[in-house]
Novice: 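One structure follows; several queries about it will come next.
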Amino acid sequence: MKVGFSGRPSMRAPRSAVVVQSEPLTRYVDVCNNMGLGCLEIPSALVFGKSGWRNQFLAACTGPMPQRVPAVSTSPHVEILIRTRADEVALPRSINAAAPGQSALTYLRHLVHMSGGRIVTLQFRASRGFLFEQSNASPSLGAAPLGLVVSWSDQVSITEAARAVRRSRQYMMFPMVHLDMERGQKLLRALVRALTVCHRENGGGGLYVFVSVERMDPSTTKALPQELRILMDAASEFEIGSGEEVGVIFSGQGGEVRAVQMARAVAYQRKVQEAVAVGGASSSPRVGSTVRIRDVELGMDMQYAIVPPEMASATKGMLSSESPVARAIIGQQCGARVEVSAPGGTVVYELLEVHD
């Protein structure tokens with residue numbers, strides 16, 4: 001699972017010693033690496049300016065070798081998506097539209113591909129008209145595909161986007177879910193349906209899920225909201241069932257913070273799963289360890305994975321490293337007994353097993 005966000009990274013990006021046309025893209029990739037992210041959606045204006053796809057494309061193709069746009073190869077693990085708008089490329093409103101609009105989008109898609117971007121993304125709304133270029137346009141062959149990002153609460157747009165994908169394999173459709181509108185089981189059902197439908201319509205291949213986050217309360221930034229746990233679990237189950245990787249891209253205020261939170265949670269979840277699969281024994285617990293402890297008074301055994309606070313979930317056996325129990329057992333040897341203060345009095349736990 002890849003996790004990222006939409007926008008310009010807030011962390012200062014290191015500047016390359018050699019100034020080339022794709023320098024901003026390379027620097028954004030370096031920032032994502034530092035934050036542990038696997039994908040990033042960037043507005044086209046941040047990389048190519050506000051207009052002039054044709055001129056920039058021709059300059060990239062005909063300029064001297066040092067001025068050509070090199071592919072971003074510094075980090076093959078970070079996938080770049082370039083976001084555009086319908087008015088930026090003057091998309092035609094029917095399959096029989098005139099060539100100028102089609103050429104503008106074709107140039108943009110080629111330029112994105114040459115610059116190291118993977119997909120051009122466009123927020124798709126059926127209310128704005130049926131927008132896509134001619135499916136038999138040969139100049140589009142080899143260019144970056146166009147990903148139609150569809151709000152999963154807009155059934156009309158879902159239907160129209162699916163029709164566009166069926167007519168031309170140059171296009172893909174990706175779902176957008178809104179965390180301020182969908183919660184709990186409603187969110188889970190929407191995610192399962194969205195992943196299934198888009199995977200089928202796209203004819204397989206990796207998927208991106210776009211997540212619109214609500215305005216953040218600063219007091220909640222240290223905790224991973226339940227909705228993000230549902231998102232992470234749904235994406236993981238889809239990956240297991242389909243064998244395809246899912247990218248999760250957050251947008252809106254707080255999107256970067258949520259992306260970093262979820263990326264860390266995914267990394268630690270992967271680490272815990274690998275540790276459990278290997279089953280290697282260790283002498284003392286630490287963050288990332290799986291432990292079995294016993295409530296001495298009740299004689300009850302419990303198993304937990306010790307994880308960072310933002311990933312903690314008692315119902316899923318994820319014990320925060322900042323919790324009293326974790327603090328008491330971290331660094332202890334198997335067989336040790338520790339006392340933990342609780343509202344009902346002191347509880348004695350015995351550390352039975354530790355696995356890294």
Side-chain angles (χ1 to χ4, degrees), residues 1-11 13 22 24-48 71-84 108-109 111-124 143-150 152 171-177 179 191 194-195 198-199 202 204-213 224 228 231-236 238-239 242-270:
M1 187 188 312
K2 303 181 296 289
V3 183
F5 67 97
S6 179
R8 188 208 306 255
S10 61
M11 183 188 297
S22 67
L25 205 60
T26 305
R27 289 189 286 118
Y28 295 149
V29 165
D30 292 340
V31 171
C32 287
N33 268 334
N34 293 337
M35 292 191 291
L37 302 178
C39 51
L40 177 69
E41 185 193 50
I42 311 174
S44 56
L46 290 182
V47 182
F48 304 125
V72 175
S73 59
T74 56
S75 175
H77 303 295
V78 178
E79 293 187 346
I80 298 295
L81 293 79
I82 307 294
R83 184 175 73 248
T84 189
L108 172 59
R109 292 172 58 200
L111 192 58
V112 167
H113 178 73
M114 292 176 65
S115 301
R118 183 171 184 268
I119 295 175
V120 178
T121 55
L122 171 70
Q123 184 71 41
F124 184 89
L146 177 65
L148 305 177
V149 181
V150 188
W152 214 248
Y171 307 106
M172 306 175 75
M173 62 184 294
F174 303 128
M176 171 173 277
V177 295
L179 295 190
L191 286 168
L195 289 167
C198 290
H199 186 256
N202 293 341
L207 276 177
Y208 291 93
V209 177
F210 290 78
V211 184
S212 175
V213 298
L224 196 66
L228 297 195
L231 172 61
M232 190 165 65
D233 291 344
S236 296
F238 175 81
E239 288 182 329
S242 66
E244 305 283 2
E245 189 172 28
V246 175
V248 180
I249 298 179
F250 292 88
S251 64
Q253 185 179 14
E256 181 177 344
V257 175
R258 291 304 190 206
V260 173
Q261 281 183 309
M262 187 166 173
R264 290 174 179 172
V266 169
Y268 277 103
Q269 184 182 59
R270 186 178 297 118

Novice: List in chain and number order the residues that pass salt bridge (Lys or Arg N to Asp or Glu O under 4.0 Å) with Arg264, two or more places apart in sequence or in another chain; answer none if no residue qualifies.
Specialist: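 Scan of Arg264 (salt bridge (Lys or Arg N to Asp or Glu O under 4.0 Å), adjacent residues dropped) gives none.
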
Novice: Taking Arg118 for its side chain and Ile80 for its backbone only, find out whether a donor-acceptor pair lies under 3.5 Å.
Specialist: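 It does not hold such a pair.
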
Novice: Closest approach of Gly255 and Val213, non-hydrogen atoms and distance?
Specialist: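 Scanning both residues completely, I find the closest heavy atoms to be N-CG2, 3.9 Å.
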
Novice: Using a 4.5 Å cut-off on heavy atoms from C-beta on, say whether the side chain of Val149 contacts that of Leu122.
Specialist: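 Not in contact.
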
Novice: Mind listing the closest non-hydrogen atom pair of Gly206 and Met172 along with its distance?
Specialist: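 Where Gly206 meets Met172 most closely, the heavy atoms are O-CE, 3.9 Å.
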
Novice: Test side-chain contact (heavy atoms from CB on, under 4.5 Å) on Val120 and Tyr171; report intermediate values, then the result.
Specialist: CA-CA 10 Å; Val120 178; Tyr171 307 106; over 6 Å; no

Novice: Testing the basics here: between Ala259 and Phe5, what is the closest heavy-atom pair and its distance to 0.1 Å?
Specialist: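 Between these two residues, the closest heavy atoms are CB-CB, 4.0 Å.
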
Novice: Nearest 0.5 Å, what's the CD1-NE2 distance between Ile82 and His113?
Specialist: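 NE2 of His113 is found 13.0 Å from CD1 of Ile82.
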
Novice: With a 4.5 Å limit on heavy-atom distance, are the side chains of Arg8 and Leu46 in contact?
Specialist: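 The answer is yes; the side chains approach within 4.5 Å.
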
Novice: Got a sec, which residues hit ring pair (Phe, Tyr, Trp, His ring centres under 6.0 Å) with Phe174, two or more places apart in sequence or on another chain?
Specialist: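 Expected list: Tyr208.
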
Novice: Can you list everything that forms a side chain to side chain contact (heavy atoms under 4.5 Å, CB included) with Cys198? Sequence neighbours excluded, please.
Specialist: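 In terms of side chain to side chain contact (heavy atoms under 4.5 Å, CB included), with neighbours along the sequence ignored, Cys198 is linked to Trp152, Met173, Pro175, Asn202, Leu207.
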
Novice: How close do Leu40 and Gly7 get, heavy atom to heavy atom, and via which atoms?
Specialist: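 Closest heavy-atom pair between Leu40 and Gly7: CD1-O, 3.6 Å.
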
Novice: Holding to salt bridge (Lys or Arg N to Asp or Glu O under 4.0 Å), I want the full list of residues that pass it with Glu244, two or more places apart in sequence or in another chain.
Specialist: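 Per chain and number, Glu244 pairs via salt bridge (Lys or Arg N to Asp or Glu O under 4.0 Å) with no residue.
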
Novice: Quick one: CG on Leu108 to OG1 on Thr84, what's the gap to the nearest 0.5 Å?
Specialist: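 Interatomic distance, Leu108 CG to Thr84 OG1, rounded to 0.5 Å: 5.0 Å.
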
Novice: Between Ala235 and Met1, what is the shortest heavy-atom contact and its length?
Specialist: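 In terms of heavy atoms, the two residues are closest at CB-CE, 3.6 Å.
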
Novice: If the condition is side chain to side chain contact (heavy atoms under 4.5 Å, CB included), which residues does Arg83 pass it with, not counting sequence neighbours?
Specialist: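 Arg83 satisfies side chain to side chain contact (heavy atoms under 4.5 Å, CB included) with Ser6, Glu41, Pro43, Thr121 only.
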
Novice: Using side-chain heavy atoms (C-beta onward) and a distance below 4.5 Å, is Ile249 in contact with Val211?
Specialist: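 Sidechains of Val211 and Ile249: no contact.
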
Novice: Within this structure, what is the CD-CD distance for the pair Glu79 and Glu245, rounded to the nearest 0.5 Å?
Specialist: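 One gets 6.5 Å once the value is rounded to the nearest 0.5 Å.
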
Novice: Do Leu228 and Arg258 touch side chain to side chain, with heavy atoms closer than 4.5 Å?
Specialist: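 The answer is yes, as the side chains (C-beta and beyond) meet within the 4.5 Å cut-off.
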
Novice: My understanding is that only residues two or more places apart in sequence, or in another chain, count here; which of them pass ring pair (Phe, Tyr, Trp, His ring centres under 6.0 Å) with Phe210?
Specialist: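 Phe210: no ring pair (Phe, Tyr, Trp, His ring centres under 6.0 Å) contacts found.
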
Novice: So, taking the atom named CG in Leu148 and the one named CG in Leu146, what distance separates them when rounded to the nearest 0.5 Å?
Specialist: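 The distance works out to 5.0 Å.
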
Novice: With a 4.5 Å limit on heavy-atom distance, are the side chains of Val248 and Met262 in contact?
Specialist: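 They are in side-chain contact.
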
Novice: If I compare all heavy atoms of Ala144 with all of Val112, which pair ends up nearest, and what's the gap?
Specialist: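 Nearest pair, atom of Ala144 first, then Val112: CB-CG1, 4.0 Å.
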
Novice: Quick check for you: to the nearest 0.5 Å, what is the distance between Cys32 atom SG and Arg27 atom CZ?
Specialist: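 It is 12.5 Å, given to the nearest 0.5 Å.
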
Novice: State, with a plain yes or no, whether a side-chain heavy atom of Val78 is found less than 4.5 Å away from one of Tyr28.
Specialist: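 With C-beta onward as the side chain, the pair stays apart.
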
Novice: So how far is it from Met176 CE to Ser212 OG, rounded to the nearest 0.5 Å?
Specialist: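 One gets 5.5 Å once the value is rounded to the nearest 0.5 Å.
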
